[in-house]
Visitor: 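After the structure tokens below, expect a handful of questions from me.
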2 protein chains.
Amino acid sequence: MTTLRKQYVVDRPVYSEDSFDESHEKIYRKHKTILDHVKKYLTCDAKRAKNAVLSRLPVIGWMRMYRVREWLLGDVVSGISTGMVAIMQGLAFSLLASLPPSYGLYTAFFPVLTYFFLGTSRHISVGSFPVLSLMVGAVVTRLVPENGSPANITDFEGLTQDQQRVLVASSVTFLMGIFQLAMGILQVGFIVVYLSDTLVSGFTTAAAVHILVSQLKFVLGLPVPGISGPLSIIYTLEKIFVQITSTNICDLVMSVVIMVVVYIVKELNDKYKAKLPVPIPIEVIVTIIACGVSYGFDFENRYNVDIVGKMVSGYESPIPPSVAIFQESAAEAFPIAIVGFAVAFSVAKVYSIKHDYNIDGNQELVAFGVSNMFGASFRSFAASTALSRTAVQESSGGKTQIAGLISAMMAMIVTVALGFLLEPLPRSVLGALVIINLKGMLMQFREIPYLWRRDKPECVVWVGTCLAAILLGLDFGLAVGLGVELFTVVFRTQFPCCSVLANIPGTDLYRNRKDYLQISEPKGVKIFRIPSPIFFANIEFFRDKLVEAVGFNPMRVLRKRNKALRKIKKLLERRDHGITENGLQDLFRPNDDHQVNLKELDLPFQINWNAELPFNISVPRVDIHSLILDFSAVSFLDISALKGLRTALKEFIRVNVEVYIVSCDAYILEKLHGCMFFDDEILTSMFFPTLHDAMLHVLENHQNSGAGWVCTCDIS
Amino acid sequence: MTTLRKQYVVDRPVYSEDSFDESHEKIYRKHKTILDHVKKYLTCDAKRAKNAVLSRLPVIGWMRMYRVREWLLGDVVSGISTGMVAIMQGLAFSLLASLPPSYGLYTAFFPVLTYFFLGTSRHISVGSFPVLSLMVGAVVTRLVPENGSPANITDFEGLTQDQQRVLVASSVTFLMGIFQLAMGILQVGFIVVYLSDTLVSGFTTAAAVHILVSQLKFVLGLPVPGISGPLSIIYTLEKIFVQITSTNICDLVMSVVIMVVVYIVKELNDKYKAKLPVPIPIEVIVTIIACGVSYGFDFENRYNVDIVGKMVSGYESPIPPSVAIFQESAAEAFPIAIVGFAVAFSVAKVYSIKHDYNIDGNQELVAFGVSNMFGASFRSFAASTALSRTAVQESSGGKTQIAGLISAMMAMIVTVALGFLLEPLPRSVLGALVIINLKGMLMQFREIPYLWRRDKPECVVWVGTCLAAILLGLDFGLAVGLGVELFTVVFRTQFPCCSVLANIPGTDLYRNRKDYLQISEPKGVKIFRIPSPIFFANIEFFRDKLVEAVGFNPMRVLRKRNKALRKIKKLLERRDHGITENGLQDLFRPNDDHQVNLKELDLPFQINWNAELPFNISVPRVDIHSLILDFSAVSFLDISALKGLRTALKEFIRVNVEVYIVSCDAYILEKLHGCMFFDDEILTSMFFPTLHDAMLHVLENHQNSGAGWVCTCDIS
């Protein structure tokens, strides 16, 4: 408090916007037109060209500054650890995509190769991401269902079910790559800003629920066909519960044991993070053990356990994507492209900030677009990044994408040479590992009460996105969530709290009349604060609130006055200009302030509407002579608002209320000029820079009209 | 200018929000919770109950004050004129709905009966509306195409094509009624505010184009099957042009003649509006003439002209709607319900304002809902109002819905007794009359250049809605238009013009630094104005702009400083506390203002970061000591913005920049308190009521730091 002893002393002329402009010279600044922007964008010189090439091939940039001695060891160690995780996740997530596990290893290999050259992030681990895999899986099971005939696509002829599924997955991935590349070229990477944290949280939670449900069949060892489309989750659960009695006990026990073990070890890893040189790779350990046990006890035949089975050794030949599948899956590939990019970009951003380098959203789009198209040609499916894998890559010392390259090599080695070792691995083990890793995503449910307490619209976005994504599927859910989210922005500005302001005595400050004990409102003046932008959806709301605040409807008053005028005129004609008769004397005073402006009814005098009218003529009283609108929070106006505002102002002006607008943004004033807002009734002289300026002006004008308020502003 | 000679004199203490709150007692106001609102809503007493009944049956209200002598004659005359128009439009618009013309007369009769009791508008003429008829027609032709088999719906069994079509139309109408009734009961009538003028203009223009194309086949006398779905307009035009050589010349000539005649007479009606007692009913006249001529010359057989044909005499029995059709058409019935209500409500509003009575959006929804359900049971199709017909009803003297009732009687008389007279009427005449009435709607294309010059986003909404509605169909188009419109609101607040403010010398006013010649920016202080609400989509944008404005990235500075600190610490350890050595003396000054707050690196002294650092340590310079954020236009903050803002503020605070927030809305401050925004770094003392208060506080604090700016505020 001690620092606030200083006085606030101002002594200057009262300014209106007009007089302010007169006494302070303004600089004329030419605004750039769209053409200027396009011209600037298309200008080309040597430097720009060089930069363009460098920004297209970020590998050149970071390779030139690669510090072999300092970084290489870290990259190698990190690459090997990440590689192990990538192999595990590749196998597991390929089950989400309803594909044979070996294709998950493809996804851990091909996309990394191109991302190495094109990507701007040095730390993310490119490869499969569970939510994406599931979204691809939804298309796969829709077009090639487990039981029943596949969709009527000519490219399917002569292929086995697995081959058809791989064709679908790779075509969807190729299309997703096209979308990403196109967005990158069109420079629309900024669209990820619309995926707010809240939306992403609700969406990923829903994805976790979907993943959980999709893995139940492996954990329980039940044959459940993949179902897609709205409400598929309900049908899947129904199918599971109908046959719950045929659960494979061996699968279930093994899964539960693995989940418990992995959970405990992960908690220990977390707890002793500081003490452990490297976290215990419990997932790799249990996988190896499970492989060994399954092989040793011949789980497949003895307990009828579903195992990974024959791994394709080596790489298959590339395949062209199917245009027929493009047509079938375009509506699903687009959200996949968006989600894939959004996840990768947000993860990349975290590490780019941590390690102080720039990433470029549009270049990332290009990189992922090309990587997905390249990968899809070699039968891999949708690639993005997984937060957990990237965390391993960064924390184990990875400095650049060299680590990514090494992890890809690990995946290659398994594909080419060691695949057969994984063949006896029970699928329920993979399912259990997927489920245990959902913990973080499912914990996001705890955000609901948090958001509800702090910000209800945001809670609605979360719950809306999550419910829609769970019930309608992830792609629809994302669209619904986006819609709800954009709508909340509109909604927030639509019903704001309008307030009537009044002066804090002894200051130039104005606050909400209802909030302070000592506050004074000059008689005959209303100060109305508009606390948000004005646009089509709230202009009527503001007009209603304004009428409420001033206590009369100017339109109605005007109509009543006109009616009264007609009546008076008739009376006058009948009485043959009986101006000297009893009641009429006070009624008609020439040159009174309160006059009505009516061209059709040219009366030879003016009427004081606030006097008692004779002949039982009643007209609503207008208690105010001035209305001040505080525009300081009006950040934009659209055409509808402009028209509505104009009408509202004119209504007030016509019932002889002076209207002032204060603290209006310079850009809005400019726009008003551009849109022919002003005419002979609405004048630029009604604009004032501050509320207090307008108030002083009003008080000066109405000094003699008996305002019950003394200007106490220069009392310190 | 003469009135602005007054001085603006203020002398008061400098306030921060904290000190202001201390010296001005605030009233504690309890905010209503959602529960309170619900309680209030559910409270019931005798008065409320009576009002509820009255508001549910508005007919009681206006019937009680019906002035028989003054109003009845007007109502009867108006009812007869409106009835003629309603019959004409009923016949013509039933072609839009792909139904036999007699059902148009049903639509002019049944819905009026219930609206009479339930509607709050006294002037609208309830009945068919071309856009709605077309939207119903799209469903009809989709489910029961002209050629080819109808959709697989069991209720169709044993019905002729026309009967199937009537069943579809009445079922869609019934469903539309259900939607409207439900919206009315749920009190969501306010949703029409989202249909802004611009959107409606674009949408109705597109509808006019659709109507034009749909009537071409009648005017040209060509057999064109009704096509629905996206791009149907292209396919329809293609079908027409393919067979353009088989045009029926008789139809074409008759249509062109009628169009020219009607156009000219309508222009004359407009021109001599004041002189004519009643506009010439040219449409009725040409219809009668066309009927006579067609009958006399036997157009049907001689020229193969398509005529109205057998009219059902009298009314058919009611039919139940088909639930199977509900399922098929739900997605289309919803936009029909919205459009129908929106049109009727906006027309009703115009006349309610003109005649000074209240209409109730929710009651209107109920009224139209019930009317459509009632009408649909008797085989009529979607009812709303047509602007042209309502204009006739009001201008010819209609005062209440008695006029509507009489027009319905006229339609009944034609249906029951005079229908056979209309049988020889060529359909091309009806088509020509529909087309000529599109003039007003098509003229709306002129809005494009107007909007482009004034407000580009709104132009995008118009063009987007119009194109989408033309190409994708009216229902999809409406959805797309709404999406675009909501998006523009977000977009407008997303990339606003941020500005750096500076003081206008001699005043307490602050303006954009670039706009004025004489403007002074105190050294070491940046004033950054945030000109819009802050939310998920623009928080990053603001952070970027802020970094640009201050000229350094605080995050980067902090990281560099930490690095430098570690280096210095290492050096110090090596030199064994060599504090007296050459460069280090100026470097370390205890209790300096510029200190870094780093717990891990507890140095026994503080560093002046703006001094020259020894050992080639370079840290980016921070030129400012204070940052003032002008929040006057921030009308809301969401959680993402809150988090982002918090991070941004902390970054600045940690590099020893004092941050102040000024003119923050009271509600936002309350919200910040509620969301735990404050901690030991972000204090409530950083909030100031005005920019000038904060500036005076800053200048006081940094008096000795050689700020190159003199406080000139009390020079008048």
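First the proteins, then the strands, lettered A, B, ... as listed; each starts at 1.
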Visitor: Only pairs of heavy atoms separated by less than 4.5 Å count here; which of A/Pro457, A/Gly674, A/Cys497 has the most with chain B?
Guide: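 Looking at each option in turn, the highest pair count goes to A/Cys497.
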Visitor: Go through the atoms of B/Thr690 and report whether side chain, backbone, both or neither lie under 4.5 Å from a heavy atom of chain A.
Guide: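 Looking at B/Thr690, just its side chain touches chain A.
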Visitor: Measure A/Pro689 against the heavy atoms of chain B and call it side chain, backbone, both or neither at under 4.5 Å.
Guide: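 It is both, since atoms from each part get that close.
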Visitor: Determine the option with the most heavy-atom pairs under 4.5 angstrom with chain A, choosing from B/Ser640, B/Pro496, B/Gly483.
Guide: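 Most heavy-atom pairs under 4.5 Å with chain A: B/Ser640.
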Visitor: What part of B/Leu509 gets within 4.5 angstrom of chain A, counting heavy atoms only: side chain, backbone, both, or neither?
Guide: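 For B/Leu509, the side chain is the part near chain A, not the backbone.
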Visitor: Mind checking what makes side-chain hydrogen bond (donor to acceptor under 3.5 Å, both in side chains) contact with A/Asp515, not counting sequence neighbours?
Guide: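 Once residues adjacent in sequence are excluded, the partners of A/Asp515 under the side-chain hydrogen bond (donor to acceptor under 3.5 Å, both in side chains) criterion are B/Arg29.
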Visitor: Any side-chain heavy-atom pair from B/Leu451 and A/Ile639 closer than 4.5 angstrom?
Guide: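 Answer yes - side chains close enough.
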Visitor: Test ring-ring contact (aromatic ring centres under 6.0 Å, His included) on A/Tyr194 and B/Phe487; report intermediate values, then the result.
Guide: CA-CA 11 Å; A/Tyr194 297 114; B/Phe487 188 74; 5.2 Å; yes
Visitor: Which answer fits B/Ile519, side chain, backbone, both or neither, if we ask what part of it has an atom under 4.5 Å from a heavy atom of chain A?
Guide: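 Neither part.
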Visitor: With a 4.5 Å cut-off on side-chain heavy atoms, are A/Phe536 and B/Leu199 touching?
Guide: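 With C-beta onward as the side chain, the pair stays apart.
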Visitor: I'd like to know whether the aromatic ring centres of B/Phe636 and A/Phe491 sit less than 6.0 Å apart in this structure.
Guide: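 Here the rings of A/Phe491 and B/Phe636 have centres that are no less than 6.0 Å from each other.
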Visitor: Against chain A, label B/Tyr667 side chain, backbone, both or neither, depending on which of its atoms sit under 4.5 Å from a heavy atom there.
Guide: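 Contact with chain A: side chain only.
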Visitor: Name the member of A/Gln518, A/His24, A/Arg559 that forms the most heavy-atom pairs with chain B at distances under 4.5 Å.
Guide: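 Most heavy-atom pairs under 4.5 Å with chain B: A/Arg559.
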Visitor: Heavy-atom distance under 4.5 Å to chain A: side chain of B/Asp630, backbone, both or neither?
Guide: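 Contact with chain A is absent: no heavy atom of B/Asp630 under 4.5 Å.
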Visitor: Is any side-chain heavy atom of A/Tyr8 closer than 4.5 Å to a side-chain heavy atom of B/Leu696?
Guide: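 When only atoms from C-beta onward are counted, B/Leu696 and A/Tyr8 do touch, with a gap below 4.5 Å.
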Visitor: With a 4.5 Å cut-off on heavy-atom pairs, point out which of B/Lys671, B/Lys514, B/Met555 contacts chain A the most.
Guide: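 The residue among B/Lys671, B/Lys514, B/Met555 with the greatest pair count is B/Lys514.
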Visitor: Which bit of B/Leu637 is near chain A, if near means a heavy-atom gap under 4.5 Å: side chain, backbone, both or neither?
Guide: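 For B/Leu637, backbone heavy atoms alone lie under 4.5 Å from chain A.
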Visitor: Of the backbone (N, CA, C, O) and the side chain (C-beta and beyond), which part of B/Phe20 lies under 4.5 Å from a heavy atom of chain A, both, or neither?
Guide: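 The side chain, not the backbone.
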Visitor: Heavy-atom distance under 4.5 Å between the side chains of A/Gln7 and B/Val14, does that happen here?
Guide: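 They are not in contact (no side-chain heavy atoms under 4.5 Å apart), so the answer is no.
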Visitor: Which residues satisfy the salt bridge (Lys or Arg N to Asp or Glu O under 4.0 Å) test with B/Glu17, sequence neighbours excluded?
Guide: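 Partners of B/Glu17 by the salt bridge (Lys or Arg N to Asp or Glu O under 4.0 Å) criterion, ordered by chain and then number, come out as A/Arg511.
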Visitor: With a 4.5 angstrom heavy-atom cut-off, could you sort out which part of B/Asn512 is near chain A: side chain, backbone, both or neither?
Guide: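 Looking at B/Asn512, just its side chain touches chain A.
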Visitor: Roughly how far apart are A/Ser632 OG and B/Phe631 CZ, rounded to 0.5 Å?
Guide: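 With rounding to 0.5 Å, OG (A/Ser632) is 14.0 Å from CZ (B/Phe631).
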Visitor: Is a donor on one side and an acceptor on the other found under 3.5 Å between the side chain of A/Glu540 and the backbone of B/Val193?
Guide: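 Flag not set: sc A/Glu540 to bb B/Val193 has no pair under 3.5 Å.
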Visitor: Is the shortest side-chain heavy-atom distance between A/Ser635 and B/Arg492 below 4.5 Å?
Guide: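 Not in contact.
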Visitor: Side chain, backbone, both or neither: which part of B/Arg453 has a non-hydrogen atom closer than 4.5 Å to chain A?
Guide: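 Neither the backbone nor the side chain of B/Arg453 comes within 4.5 Å of chain A.
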Visitor: Heavy-atom pairs under 4.5 Å with chain B: which of A/Glu485, A/Lys643, A/Arg556, A/Lys456 has the most?
Guide: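 Ranked by contacts with chain B, first place is A/Glu485.
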Visitor: Do A/Val9 and B/Arg12 come within less than 4.5 Å of each other through their side chains, counting heavy atoms only?
Guide: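 Heavy-atom side-chain distance check fails, nothing below 4.5 Å.
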Visitor: Check whether any side-chain heavy atom of B/Thr488 sits under 4.5 Å from a side-chain heavy atom of A/Phe535, and report yes or no.
Guide: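 Of all side-chain heavy-atom pairs linking A/Phe535 with B/Thr488, none is under 4.5 Å.
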Visitor: Between B/Arg454 and A/Asp638, does any side-chain N to carboxylate O distance fall below 4.0 Å?
Guide: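 Salt bridge: no.
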Visitor: Might you work through the side chain to side chain contact (heavy atoms under 4.5 Å, CB included) test for A/Asp508 and B/Asp508, ending with a clear yes or no?
Guide: CA-CA 11 Å; A/Asp508 56 340; B/Asp508 56 339; 4.2 Å; yes
Visitor: What's the verdict on side chain to side chain contact (heavy atoms under 4.5 Å, CB included) for A/Asp665 and B/Arg529, showing C-alpha distance, side-chain angles and the deciding distance?
Guide: CA-CA 11 Å; A/Asp665 191 282; B/Arg529 178 173 154 79; 2.8 Å; yes
